[in-house]
Participant: 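Take a look at the following structure, please.
In what follows, residues are counted from 1 in the order of the sequence shown. Whatever order the structure lists them in is the order used to number ligands and atoms, beginning at 1. Here the structure is a predicted model, which means the values were calculated and not measured.
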Amino acid sequence: METNRSLNLKFIKGSIFFIAILFACSESASSNNEENVLPLDPFEQNKLLAKTINLGNALEAENEGEWGIVLQEDYFQIIAEAGFTAVRVPCRWSAHVQNAKPYTLYSGFLSRVQWVLKQAEKYGLATIINIQHFEEIFESPAQEKEKFLAIWAQLAEKFRSQGTDVFYEILNEPHDNLTAELWNVYLKDAVDVIRQIDTVHTVIIGTAEWGGITAMNKLLLPQNEKNLIFTFHYYSPFEFTHQGAEWVENSEAWLGTTWMGSASEISAITSEFSTVKQWSVERNVPVFLGEFGAYSMADMPSRERWTNSVARIAESEGFSWAYWEFAAGFGVYDLSSNTWREELLKALIP
Ligand code: GLC
């Protein structure tokens, strides 16, 4: 017959076991233990991206710092405290990969991105990692395809055990020889490669022809993939948002272009966004406006009006959004004074 003492001991052991299980479960909620994660609902996932900011000009340069931004831990805290929910991290993987098979990614850059994910997690921000500025694939798609898929295989392997608030965006702004038709094939192959390794994380897919709305009707989303979000970029009117942009030919001719928020200016946005909405409803996919912003050469009151209008119209359509970008040429944050540009911040998060 068992003594009270041994019954107590059993009870204590049982409780410890139970508590251990509880811990294990709560652990898997934040740092995903793949087997235990149910298929994610992309509409729920998209809520995590509600108010995103692009960490532009940092890891999208060939070497971080060359475009003026080196990511710091306090940026993540500043961003979270301002009310943003996520960061999109454009990464130029093509500058950090072996040029021959098996196209191994350099461990230094992988660790740097891992560090970014850790900072974001620490401050409660979801993270999108993408492939940005893969210029070679836009020039010679067939030649670069294997490298492109090898990059995704390695990223999926590296990040598969991250929390479910990490998102994979397949490729930023496909264009030129990576035509809309080819892109439909490449994106499906990339999703297949990812899913062979990582069945959990939500993927984000955008349009060809520079990521805008024009190629939306040519885009074919993979039929068997439900855990995906559609993304598009919005910089219209381009003469306004890109006036004086050094990387856009003849854009100095547009200097002085204003955006007053007139009825016709607003309805241009409304009607384009409602087309996107309709397209997404027909396909039952959530929408993420992954980039929008007006360059600092435009006047501030116009930038404020435009930014506020685009963000509000996106929200009214149920789109999550990501402002382009944190602290460089379009920056909502001023690194020289370590302050937010309040007008722009309020335009984003009133
Ligand atoms: C694209 C480019 C980025 C540029 C932005 C605005 O995302 O990749 O370098 O700053 O568009 O033009």
Side-chain angles (χ1 to χ4, degrees), residues 49 52-71 86-96 113 116 127-139 144 148 151 167-178 183 204-215 229-255 257 259 288-298 302-303 306-307 310-311 314 320-333 335 341 344 348:
L49 307 180
T52 303
I53 195 151
N54 276 285
L55 294 177
N57 288 42
L59 303 181
E60 63 166 315
E62 284 196 8
N63 297 294
E64 186 180 5
E66 281 177 359
W67 290 7
I69 306 279
V70 175
L71 298 176
V87 286
R88 178 173 179 262
V89 190
C91 297
R92 193 190 287 248
W93 295 101
S94 54
H96 307 277
V113 174
V116 168
T127 314
I128 301 163
I129 49 174
N130 77 352
I131 298 182
Q132 188 107 352
H133 292 296
F134 193 167
E135 318 298 0
E136 303 85 343
I137 202 171
F138 306 137
E139 174 109 33
E144 299 293 325
F148 168 62
I151 292 174
F167 295 71
Y168 300 150
E169 186 185 322
I170 308 291
L171 183 64
N172 185 65
E173 301 186 352
H175 59 271
D176 287 0
N177 296 328
L178 185 48
W183 175 227
I204 302 179
I205 297 175
T207 56
E209 299 174 10
W210 293 97
I213 296 172
T214 56
I229 292 173
F230 168 70
T231 189
F232 74 104
H233 294 175
Y234 194 77
Y235 287 108
S236 300
F238 201 65
E239 295 77 2
F240 165 66
T241 64
H242 279 69
Q243 57 188 288
E246 295 77 8
W247 62 99
V248 178
E249 235 175 280
N250 298 326
S251 65
E252 62 282 355
W254 306 330
L255 285 168
T257 307
W259 197 87
F288 170 57
L289 166 56
E291 286 188 18
F292 71 105
Y295 196 48
S296 51
M297 298 297 256
S302 290
R303 293 173 76 196
W306 183 86
T307 303
V310 175
S320 57
W321 53 250
Y323 182 73
W324 185 268
E325 33 63 35
F326 175 56
F330 294 69
V332 58
Y333 192 78
L335 282 177
R341 298 198 166 92
L344 276 181
L348 289 166

Participant: Is there side-chain contact between Val89 and Asn130, with at least one heavy-atom pair below 4.5 Å?
Facilitator: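 SC-SC contact between Val89 and Asn130 ruled out.
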Participant: State, yes or no, whether a side-chain contact exists between Ser236 and Thr241 at a heavy-atom distance under 4.5 Å.
Facilitator: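 Sidechains of Thr241 and Ser236: no contact.
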Participant: If the condition is side-chain contact (heavy atoms from CB on, under 4.5 Å), which residues does Ala95 pass it with, not counting sequence neighbours?
Facilitator: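 Only Glu62, Arg92 meet the side-chain contact (heavy atoms from CB on, under 4.5 Å) criterion with Ala95.
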Participant: Thinking salt bridges, do Arg88 and Glu325 make one under a 4.0 Å N-O criterion?
Facilitator: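 Result for this pair is no, no salt bridge flagged.
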Participant: Using ring centroids (six-membered ring only for Trp), state whether His242 and Tyr295 fall under 6.0 Å.
Facilitator: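 No, the ring of Tyr295 stays outside the 6.0 Å limit from the ring of His242, centre to centre.
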Participant: Looking at every heavy atom in both Met297 and Gly244, which two are closest together, and how far apart are they?
Facilitator: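 Shortest heavy-atom contact: CG-O, 4.0 Å.
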Participant: Starting from the N and O atoms of ligand 1, find every protein N or O within less than 3.5 Å and list the pair with its distance.
Facilitator:
unit_1, atom_1, unit_2, atom_2, d
ligand 1, 7 (O), Gln132, NE2, 3.2
ligand 1, 7 (O), Glu291, OE1, 2.8
ligand 1, 7 (O), Glu291, OE2, 2.7
ligand 1, 8 (O), Gln132, NE2, 2.9
ligand 1, 8 (O), His133, NE2, 3.3
ligand 1, 9 (O), Glu60, OE1, 3.1
ligand 1, 9 (O), His133, NE2, 3.1
ligand 1, 10 (O), Trp324, NE1, 3.3
ligand 1, 11 (O), Glu291, OE1, 3.4
ligand 1, 12 (O), His242, NE2, 2.7
ligand 1, 12 (O), Trp247, NE1, 3.3

